[in-house]
Amino acid sequence: MTTASWRDRALPAAVRVDDLLSRMTLEEKTAQLYGVWVGAATDGEGVAPHQDEMAETVDFDEVITRGLGQLTRSFGTAPVDPALGAQALARAQRRIVAANRFGVPAVAHEECLAGFTTWGATAYPVPLAWGATFDPALVEEMARHIGRDLASVGVHQGLAPVLDVVRDLRWGRVEETIGEDPYLVGTIGTAYVRGLESAGIVATLKHFAGYSASLGARNQAPVRAGVREFADVTLPPFEMAVREGGARSVMAAYNETDGVPASADPFLLTELLRETWGFTGTVVSDYFGIALLQTHHRIAGTRAEAAHAALAAGLDVELPTLRCYGDPLAEAVREGAVPETLVDRAAHRVLLQKCELGLLDENWAPEPTTPVDLDSPRNRDLARRLAEESVVLLANPEGLLPLAPDTRIALVGPRADDPLAMLGCYSFPSHVGTLHPETPLGIEIPTLVDALRTELPDAKITYTPGCDVSGDDTAGFPEAVARAAEADVCVAVLGDMAGLFGRGTSGEGCDAEDLRLPGVQGALLDALAATGTPVVLVLLTGRPYALGRWEGRLAAAVQAFFPGEEGGPAVAGVLSGRVDPSGRLPVSVPRRPGGQPWTYLQPPLGLASDASSLDPTPLYPFGHGCSYTSFAWESPEDAEEAENPEDTADTAADTEDTAGGPQPEIDTDGTYDVSVTVRNTGDRAGAEVVQLYLHDPVARVTRPDVRLIGYQRVELAPGEARRVTFRFHADLSSFTDRSGRRVVEPGALELGLAASSADVRRTARLTLTGPERVLGPDRRLLCETTVSVPE
């Protein structure tokens, strides 16, 4: 018997797919373009928006006779033992293979934003915490382990990372983002993509594009971003993850921008993504996103019209289940309303990816080949390291931290003794587990109460919650005040409860009216501060909250963005001093709860001025973070001449023009190296994050006053020094001009070596000379960075 060409592994994948497509009926081709979601709830307590109105009962045995594109969330819909779930998924795949003429299995996809979203899997810190680490290598390592866990149970595609750049801190999904700067989001997100893809898992970039810029920070609300904001802030992380990370899938966003829904936008999904950036993978819908073209965007009158609009734009796969790409699409093709070539185009992309995954091979087998352990000691170690690096010490003005080992501590606050205080809304216990209260968490999550008692065994620690996360009950205030008054220090542990669609204070569909602490937590903090006992504020949140009300009233402030299952020990380690805090803010911390939206990427008129009575200047800027040790920033000449590192410590914060003398000139396609030597002048090991910002004094369109174009995390032992060199390329100064072109224009530039967006330590001034350059898709996206030992 001759083997069909599409089964022949010696042939190119495209040839195999062409052969298979030529043998398929229209229904078999459309079957490759949708998923099936078995067990999806329709009672209003689901894990996807509009799930109760959109999810329909499907006859699985009948549907799979045509084949099936995807299996939706076999592990992430309800609690299931991972080993048993792997066996169940393998059985489902065997049924699919046996039922369709060609024996082609489905792609199994799962959520994996903060770890594999399934019962018993490691709950890592949320992406906002990844951003706080400024450590792409560690994020890549985490993603590699997440990918291996997904692969170990038969999953092929992960719906992560989120590459939305924060535009309004009130948005509920801020916790899912990496930060408010496109370079930070792009580099950290790309590292995640590389890690996931290195494990053989298809990474899915979301949400493409503009989703986080919704009006009023309301989930799924319209976006009114301008062309240049969209091109220079929203799109660069996606471009970087496609070109530098090799992502193989992109998820179309729910939103519409200027009246055009992303799911039906051929400019986004075809012209930009494929023709300009060279993307060759699959575009998938966000859950029910194609149906929304009919029901909510109302640009289609029928399901078939919605299918046509999405398919024509370049959206290949309908998730989570068939609604528009099934029979309505096939009927429209037969009636001549939709060209079959659109179906062929999408099916070819889907089958090509299946071929690359080995799913068209004759010897493919779905059964797991390795033991299933989704919360291994190595995973937990990674979760701990990420959590420790992500904790940001906002302020420690009098050096109260670290806490004395034998002190009397009043631990107060609704987040101190709840395991879920550590988790974001896409961690399984918060995402699905709360709908199954009878099911145990599945993983060990030490609370801060438990962790601090372990960390400081000689301390006398009392605990009382004081209030709930939300609500207006102040009955617990008197006891909280009494405990604080009799202690040496009060540690107030406040923050968010992650949830979905209004079931929490942070998370998808949990948007905030303003940036006041939820419920009566602010009033509790007022009462604690009034006792006269030094108060250390610890925030476990999914977004930053306005803290200006307590400026000068707190002994210290610590910010942790949902730090995961090892977050309790990580925060306790910072409080005890076992861990030197090294996190830096990926988002600004506002002074006041109103005046939103605002991020640091502002042109001059977006900054404080006498033109407005509103001052948007944050209390703590993007990139800010303190340490228990000290660092001196030295020019290379200083480093060579300094015999005693303390000689330069007093001038470390001075702004200085490192160029000196005449300003250097480089071509508009040239490079320029700028260096600084960082020395640990303290008595303990620590990490400094050197940040490089660009200031463009004059441009033909308004530009952010400063913007991040490079960074380097540097770990140093006491007395140790490292030279950090950034190779600036003129492409990094490019922007979108009035005609929509990305250009590098000649003129003066300033490069600032900084400890935050508001703390520039060294300034290098240079001039770009030569002709204006118009950049194409081969432009340089990354700032090359090297770390060396000073001579």
Side-chain angles (χ1 to χ4, degrees), residues 48-51 53-54 113 127 159-178 180 182 185 189 204-239 241 249-273 283-300 306 309-310 312-320 324 425-426 500-502 507-512 543 596-597 599:
H50 314 291
Q51 182 175 328
E53 58 188 280
M54 296 286 191
L113 185 69
L159 304 187
V162 168
L163 297 182
D164 297 298
V165 178
V166 174
R167 303 303 286 157
D168 191 328
L169 297 168
R170 299 171 298 175
W171 192 46
R173 304 190 79 165
V174 167
E175 64 172 70
E176 299 180 45
T177 73
I178 294 167
E180 67 183 46
V185 174
T204 308
L205 311 181
K206 56 186 191 180
H207 307 87
F208 192 63
Y211 185 38
S212 60
S214 59
L215 287 173
R218 295 177 60 248
N219 193 40
Q220 296 188 11
V223 171
R224 296 292 181 264
V227 171
R228 275 160 292 285
E229 177 186 344
F230 208 76
D232 292 343
V233 177
T234 299
L235 295 176
F238 292 95
E239 181 181 4
S249 188
V250 170
M251 176 179 282
Y254 285 125
N255 61 278
E256 53 103 328
T257 301
D258 198 23
V260 180
S263 295
D265 189 346
F267 167 76
L268 272 181
L269 304 185
T270 296
E271 183 179 334
L272 179 67
L273 181 62
V283 176
V284 304
S285 75
D286 207 338
Y287 282 15
F288 308 113
I290 298 174
L292 292 180
L293 296 177
Q294 177 196 7
T295 61
H296 289 69
H297 291 299
R298 287 188 261 175
I299 67 161
L315 205 164
D316 304 311
V317 180
E318 180 178 23
L319 298 180
C324 301
C425 77
Y426 269 77
L500 291 165
F501 315 119
E508 186 174 357
C510 297
D511 310 314
R543 63 165 67 85
Q596 293 297 312
T599 73

Are [X] and [Y] close enough that some pair of their side-chain heavy atoms sits under 4.5 Å apart?
| X | Y | answer |
| --- | --- | --- |
| Ile290 | Cys324 | yes |
| Leu205 | Pro161 | yes |
| Asn219 | Ser214 | no |
| Pro597 | Arg170 | yes |

Inset, instruction - Kindly assign one of parallel, tilted or perpendicular to the pair His296 and His50, based on the angle between their ring planes and the thresholds 30° and 60°. - result: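 Ring orientation of His296 relative to His50: tilted.
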Inset, instruction - Any chance you could lay out the side chain to side chain contact (heavy atoms under 4.5 Å, CB included) test for Thr177 and Trp171, step after step, and finish with the verdict? - result: CA-CA 10 Å; Thr177 73; Trp171 192 46; 3.9 Å; yes
Give me the atom names and distance for the closest heavy-atom approach of [X] to [Y].
| X | Y | value |
| --- | --- | --- |
| Pro49 | Tyr254 | CG-OH, 3.2 Å |
| Pro261 | Ile299 | CG-CD1, 4.0 Å |
| Ser263 | Gly289 | OG-O, 4.1 Å |
| Gly210 | Asn255 | C-OD1, 3.7 Å |
| Cys425 | Gly507 | SG-CA, 3.7 Å |
| Leu268 | Ala262 | CD1-CB, 4.2 Å |

How long is the straight-line distance from [atom2] of [Y] back to [atom1] of [X], given to the nearest 0.5 Å?
| X | Y | atom1 | atom2 | result |
| --- | --- | --- | --- | --- |
| Glu176 | Asp164 | CD | CG | 8.5 Å |
| Thr599 | Leu169 | OG1 | CG | 8.0 Å |
| Leu293 | Phe288 | CG | CZ | 14.0 Å |
| His207 | Met251 | NE2 | CE | 6.0 Å |

Inset, instruction - Report yes or no: do Tyr426 and Glu175 form a side-chain donor-acceptor pair below 3.5 Å? - result: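 No pair is found: no donor N or O on one side chain lies under 3.5 Å from an acceptor on the other.
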I'd like a table of donor-acceptor pairs (distance under 3.5 Å, sequence neighbours excluded) in which one partner is a side-chain atom from residues 229-239, with atom names and distances.
{"unit_1": "Glu229", "atom_1": "OE2", "unit_2": "Arg167", "atom_2": "NE", "d": "3.1"}
{"unit_1": "Glu229", "atom_1": "OE2", "unit_2": "Arg167", "atom_2": "NH2", "d": "3.1"}
{"unit_1": "Asp232", "atom_1": "OD1", "unit_2": "Thr736", "atom_2": "N", "d": "3.4"}
{"unit_1": "Asp232", "atom_1": "OD1", "unit_2": "Thr736", "atom_2": "OG1", "d": "2.8"}
{"unit_1": "Asp232", "atom_1": "OD1", "unit_2": "Arg742", "atom_2": "NH2", "d": "2.7"}
{"unit_1": "Asp232", "atom_1": "OD2", "unit_2": "Thr736", "atom_2": "N", "d": "3.1"}
{"unit_1": "Glu239", "atom_1": "OE1", "unit_2": "Arg779", "atom_2": "NH2", "d": "2.8"}
{"unit_1": "Glu239", "atom_1": "OE2", "unit_2": "Arg243", "atom_2": "NH1", "d": "3.1"}

Inset, instruction - In sequence, state the C-alpha distance, the side-chain angles, and the governing distance for Phe208 and Leu163, and then conclude on side chain to side chain contact (heavy atoms under 4.5 Å, CB included). - result: CA-CA 8 Å; Phe208 192 63; Leu163 297 182; over 6 Å; no
Is it true that a side-chain atom of [X] and a backbone atom of [Y] form a donor plus acceptor pair closer than 3.5 Å?
| X | Y | result |
| --- | --- | --- |
| Ser285 | Leu319 | yes |
| Arg218 | Asp511 | no |
| Asp265 | Ala313 | no |
| Asp316 | Val283 | yes |
| Lys206 | Leu159 | yes |

Legend entry - ring pair (Phe, Tyr, Trp, His ring centres under 6.0 Å) against His297, all qualifying residues, sequence neighbours excluded: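 Once residues adjacent in sequence are excluded, His297 has no partner under the ring pair (Phe, Tyr, Trp, His ring centres under 6.0 Å) criterion.
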Inset, instruction - Decide side chain to side chain contact (heavy atoms under 4.5 Å, CB included) for Gln220 and Tyr211; before the verdict, give the C-alpha distance in whole Å, the side-chain angles of both, and the deciding distance to 0.1 Å. - result: CA-CA 7 Å; Gln220 296 188 11; Tyr211 185 38; 4.3 Å; yes
Inset, instruction - Could you list the residues that satisfy salt bridge (Lys or Arg N to Asp or Glu O under 4.0 Å) with Arg224, not counting sequence neighbours? - result: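 Residues passing salt bridge (Lys or Arg N to Asp or Glu O under 4.0 Å) with Arg224: Glu256.
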